[in-house]
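Right, one structure below, let's go through it.
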Number of protein chains: 2
Amino acid sequence: MVLASAPRRLSPGVGNSNDQTRRHNLSTVLTFLHHGGPQSRAQLTGLSALNRSTTGALVAELDELGLAYETEPADSGRVGRPSPIVHANGKVVAITVNPDIDAVTVGIVGLGGLLHHLVRRETDAVPTVGASIRIVQEILEGMRDELQAEFRVAGVGIAVPGLVNSRDGVVALAPHLGWRDEPVAEPFAAALGLRAAVANDAALATVAESIFGAGRGVQDLVYLNGSASGIGGGVLAGGVMLRGSRGYAAELGHTLVNSSGIRCHCGKRGCLETEVNLGLLLQVLGRDSAGLDEVDALIAAVPDARPEIERQLDVLALAIGTFVSVFNPESIILGGFLGSLYEADPARLRASVEAASVVGLAEPVRLERAQLRSRLLTTGAAELVFADLLADPAGTVF
Amino acid sequence: MVLASAPRRLSPGVGNSNDQTRRHNLSTVLTFLHHGGPQSRAQLTGLSALNRSTTGALVAELDELGLAYETEPADSGRVGRPSPIVHANGKVVAITVNPDIDAVTVGIVGLGGLLHHLVRRETDAVPTVGASIRIVQEILEGMRDELQAEFRVAGVGIAVPGLVNSRDGVVALAPHLGWRDEPVAEPFAAALGLRAAVANDAALATVAESIFGAGRGVQDLVYLNGSASGIGGGVLAGGVMLRGSRGYAAELGHTLVNSSGIRCHCGKRGCLETEVNLGLLLQVLGRDSAGLDEVDALIAAVPDARPEIERQLDVLALAIGTFVSVFNPESIILGGFLGSLYEADPARLRASVEAASVVGLAEPVRLERAQLRSRLLTTGAAELVFADLLADPAGTVF
DNA sequence: GATAAAAAGTTACCACACACAACATATTGC
DNA sequence: GCAATATGTTGTGTGTGGTAACTTTTTATC
């Protein structure tokens, strides 16, 4: 029985077709465990629509591969023989890297989503690729014993704020880091001796929110993230991330919202991110910079900021109105300072979005604040690493 | 009704997994034939990456099912035993229906894309669902003998200009037809005794262009169609049609292009379709109405229309600029009068699009005029019917 | 014209993946 | 303790595609 058969374009030059079926089913079961948490074998059987005996064999194989393990049944309270609980093996980990203007954050995340470690290392200057690699090496060196004794590392996932071509691992442009046409995946892989993958930070945040956050179970959603460096986003359409022909899709910050607006650094006029902007918000809040939690508090504390907040909400609504007619999403998730803006007046945003949308289309759309906070990028970057593993549990060697 | 192969999420309670593999392979081969035209068995073997013997068995099964047939090998001129040519059976047909303001167009399209018949029946009033069904019944009655003797009808595909929920076959709103919350698929199916499916006309046009027209082989494209009733569109993302949570995605005509613009009938302000508009164009061309080919001729003949054409092109470019950053498509295809506009000055649109896009993103994007003309909707609607057949050639009974 | 080489169809056989069914096991409820 | 229920376990069967040996049909060469 084939489960969530992703639209497999014919992959040329492959092997036996029975293998393919097996691979798919292993993938399905492991994905259930990773995304859905520990579950009884009986539950897995139900979810996968496979036969009891097949589920048993699949779980046994995942166990042998060291990707899952079984524990004693929990007290179900129901009649019948209790079913053992299957867990994704959290000792299989991804190393995550998130370079920022003034720091590099490194995480160790286990299969199943458990965050083992999170280290933020401040930097004097904006980190280069080489500097980022050195920081990661230092941190890993510091926990070498633990890594070797406890964990099996599946790879490195790097979240970069900028245009990233995930296919070849090259960052085309990361303005705030000053990276341009910079190979990233390859040098990381070479330096660390691990498989490495890079992607846009907002895209990874979208993945994270859609699996572990506000978008759980939703197939069509738009995620919008506001940070000091602008507005990024990601789109899940039919359960699949929108990538575009070169992987640059969902640059939602450059949606037109004001045709008489000022010029954006991207070269256009009236982009969402020139109008809805953390800098402008902090200005009326009387601050130069502020952490995300501070912004929430400041908004509540500074009533004079109200007009600017309302202006930004109304402009944001224009962009969301366009997204509603373009994507017809089930949910729009707002992260970063956009989440703070939303929280400041949910009703106003709701009303503005409905006014800025095709009649009838916006009403069924949920507006929500992102749930994952500090874990966001780390979780997303780990997902980048686990994606391969989940797609082919038996075939991935690491 | 599923359009392009939607990523099949787990379908509970189904049969054997070997069957599933077989189904997938049958589907692959038949889809090659339908989209790629007649091909030798050896070519199919190469494309499908299956074994010679397996391809042979699959083709034999498709033959038995009456969906394909083999003919004598063509003179290849190469050394070696020649391979028989496999054809999709064009006698397996879809009936297509396209209700419009003043007419209902009915087509009979064979597997492989061959158009057997196309009948346009003018109406006195805007057709209702019932009237459309009666017209189809009359036309089919008129060719009953031929239908029974020659063809096997796979189903009816209906293209409706409006918001359509393909899943339940209900038209939520088709303003120009005056249809609102109107069940369409079900009454058609009941009246004709055939399987029926409805979808938005622009979405179907997108499918048609992506398979048989300007978008052949492209995985990421945006199709924009301009007609008297406004601007519709469709998006192919990663080879899959964008559907949205309720099937209303890609209402691209309601993208914001002018934040100080006039109110659109949809309730918003400054929508693309209020600014780029066949009515305004015809006005400067000195006409009340005109067929598509006439528009091309008129644009060339009326130099005074130039400023309005350039204005519309520039506004169109703003919307395309947003689509470029949102979808990162490989190609943007312009149909209807948008094709005429484009043809009037391709260089200007190209330049405006690059000015209205994030630096560097627009350059690799192809701008093209749609290729399919009168066949467009008929081909698309047929695809709607064939989608099921292609997804499961052995399982579809009709 | 005979023969070799190449390409593809055909057939018998094999490995495998999962379903099924019979049986074994563990729990609840009476 | 016994029935009912749910689940794990095991052996068997069906169906899938791959493999390899063989056959067929063509072109190229002597």
Side-chain angles (χ1 to χ4, degrees), chain A residues 1-3 5 8 10-29 39-64 68 70-86 392-395, chain B residues 10-29 39-64 70-86 392-395:
Chain A
M1 158 96 325
V2 182
L3 281 185
S5 77
R8 248 180 270 141
L10 76 162
S11 34
V14 261
N16 183 306
S17 144
N18 283 339
D19 282 352
Q20 208 101 347
T21 307
R22 180 63 154 208
R23 184 177 317 167
H24 183 261
N25 287 338
L26 277 174
S27 164
T28 306
V29 171
Q39 293 169 68
S40 78
R41 228 156 87 182
Q43 277 177 293
L44 287 174
T45 302
L47 284 169
S48 65
L50 292 165
N51 191 283
R52 276 215 295 278
S53 53
T54 307
T55 307
L58 291 169
V59 170
E61 186 165 349
L62 289 175
D63 191 357
E64 270 176 41
E70 290 181 293
T71 56
E72 291 296 296
D75 257 4
S76 69
R78 284 201 331 235
V79 75
R81 176 172 174 173
S83 188
I85 307 295
V86 190
D392 184 8
Chain B
L10 75 162
S11 37
V14 253
N16 182 308
S17 145
N18 283 339
D19 282 352
Q20 208 94 354
T21 306
R22 181 64 155 208
R23 186 176 314 169
H24 181 262
N25 289 338
L26 277 175
S27 165
T28 305
V29 171
Q39 291 171 68
S40 78
R41 226 155 91 181
Q43 278 177 293
L44 288 174
T45 302
L47 285 168
S48 65
L50 292 166
N51 192 281
R52 278 217 290 280
S53 53
T54 308
T55 307
L58 291 169
V59 169
E61 185 163 350
L62 289 175
D63 191 357
E64 270 176 43
E70 290 181 291
T71 56
E72 292 296 298
D75 257 5
S76 70
R78 285 199 333 230
V79 76
R81 177 172 175 173
S83 188
I85 307 295
V86 191
D392 186 7

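To find a chain, count down the sequence lines: A is the first, B the second, and so on, and within it residues start at 1. Only heavy atoms go into these numbers, but all of them, side chains included; no hydrogens, no water, no symmetry mates. Remember, it's a predicted structure, so these values are computed and weren't measured experimentally.
- Using a 4.5 Å heavy-atom threshold, the side chains of A:Q20 and B:H24 count as separate.
- The interatomic distance linking A:I85 (CD1) with D:dT7 (P) rounds to 11 Å, in whole Å.
- Counting only heavy atoms from C-beta outward, the side chains of A:L58 and A:L62 never approach each other to under 4.5 Å.
- Closest-nucleotide positions on DNA chain C for B:T45 and A:L26 were compared, and the one nearer the 5' end corresponds to B:T45.
- Atom OG1 of A:T55 and atom CG of A:L50 lie 5.0 Å apart (nearest 0.5 Å).
- Whole-Å rounding puts the B:H24 NE2 to D:dG17 P distance at 11 Å.
- Between A:R22 and C:dC18 there is a side-chain N or O to OP1 or OP2 distance below 4.0 Å.
- With sequence neighbours excluded, the residues satisfying side chain to side chain contact (heavy atoms under 4.5 Å, CB included) with B:A42 are B:S40, B:S83.
- We find that CZ of A:R78 is positioned 8 Å from C1' of D:dA6, with the value rounded to whole Å.
- The nearest whole Å value for the distance from the CG atom in B:D19 to the C1' atom in C:dA17 is 12 Å.
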Write down the protein N/O and nucleotide N/O pairs, taken from nucleotides 28-30 of chain D, whose separation is under 3.5 Å; answer none if there are no such pairs.
none

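- Using a 4.0 Å heavy-atom distance criterion, A:P73 is classed as making no nucleic acid contact.
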Every protein N/O within reach of nucleotides 21-24 of chain C N/O, cut-off under 3.5 Å:
none

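- At the phosphate of C:dC18, neither OP1 nor OP2 sits under 4.0 Å from any side-chain N or O atom of A:N18.
- Although no hydrogens or angles enter the test, the distance criterion places a donor-acceptor pair under 3.5 Å between the side chain of B:T45 and the main chain of B:R41.
- The side chain of A:L50 has C:dA19 as its nearest neighbour among C:dA19, D:dT16, C:dT27.
- As a whole-Å value, the separation of A:R23 CZ from C:dA17 C1' is 14 Å.
- Considering every non-hydrogen atom in both B:L26 and B:A394, the closest pair reads CD1-CB, 3.9 Å.
- Ranking C:dC18, D:dA6, D:dG8 by closeness to the A:S83 side chain, first place goes to D:dG8.
- With distances taken from any side-chain atom of A:P82 to the nucleotides C:dA26, D:dG17, D:dT7, the minimum falls on C:dA26.
- The side chain of A:N25 lies closest to C:dC18 when the candidates are D:dT7, C:dA26, C:dC18.
- B:L47 approaches B:Q39 most closely through the heavy-atom pair CD1-OE1, 3.0 Å.
- Within the 4.0 Å cut-off from OP1 or OP2 of D:dT9, at least one side-chain nitrogen or oxygen of A:R41 is found.
- Separating the OG1 atom in A:T54 from the CZ atom in A:R52 is a distance of 11.0 Å, to the nearest 0.5 Å.
- Each of B:E70 and A:D75 was assigned the nucleotide of DNA chain C with the nearest heavy atom; the assignment lying further toward the 5' end belongs to B:E70.
- Judged by distance alone, the side chains of A:T28 and A:S48 never bring a donor and an acceptor atom under 3.5 Å apart.
- Pairing each heavy atom of A:V86 with each of A:A68, the nearest pair is CG1-CB, 4.3 Å.
- Residue A:A42 has its side chain nearest to D:dT7 when only D:dT7, D:dT16, C:dC18 are considered.
- Going from atom CD of B:E61 over to atom C1' of D:dT16 covers 11 Å, rounded to whole Å.
- If you take CD of B:Q20 and C1' of C:dA17, they are 13 Å apart, rounded to a whole angstrom.
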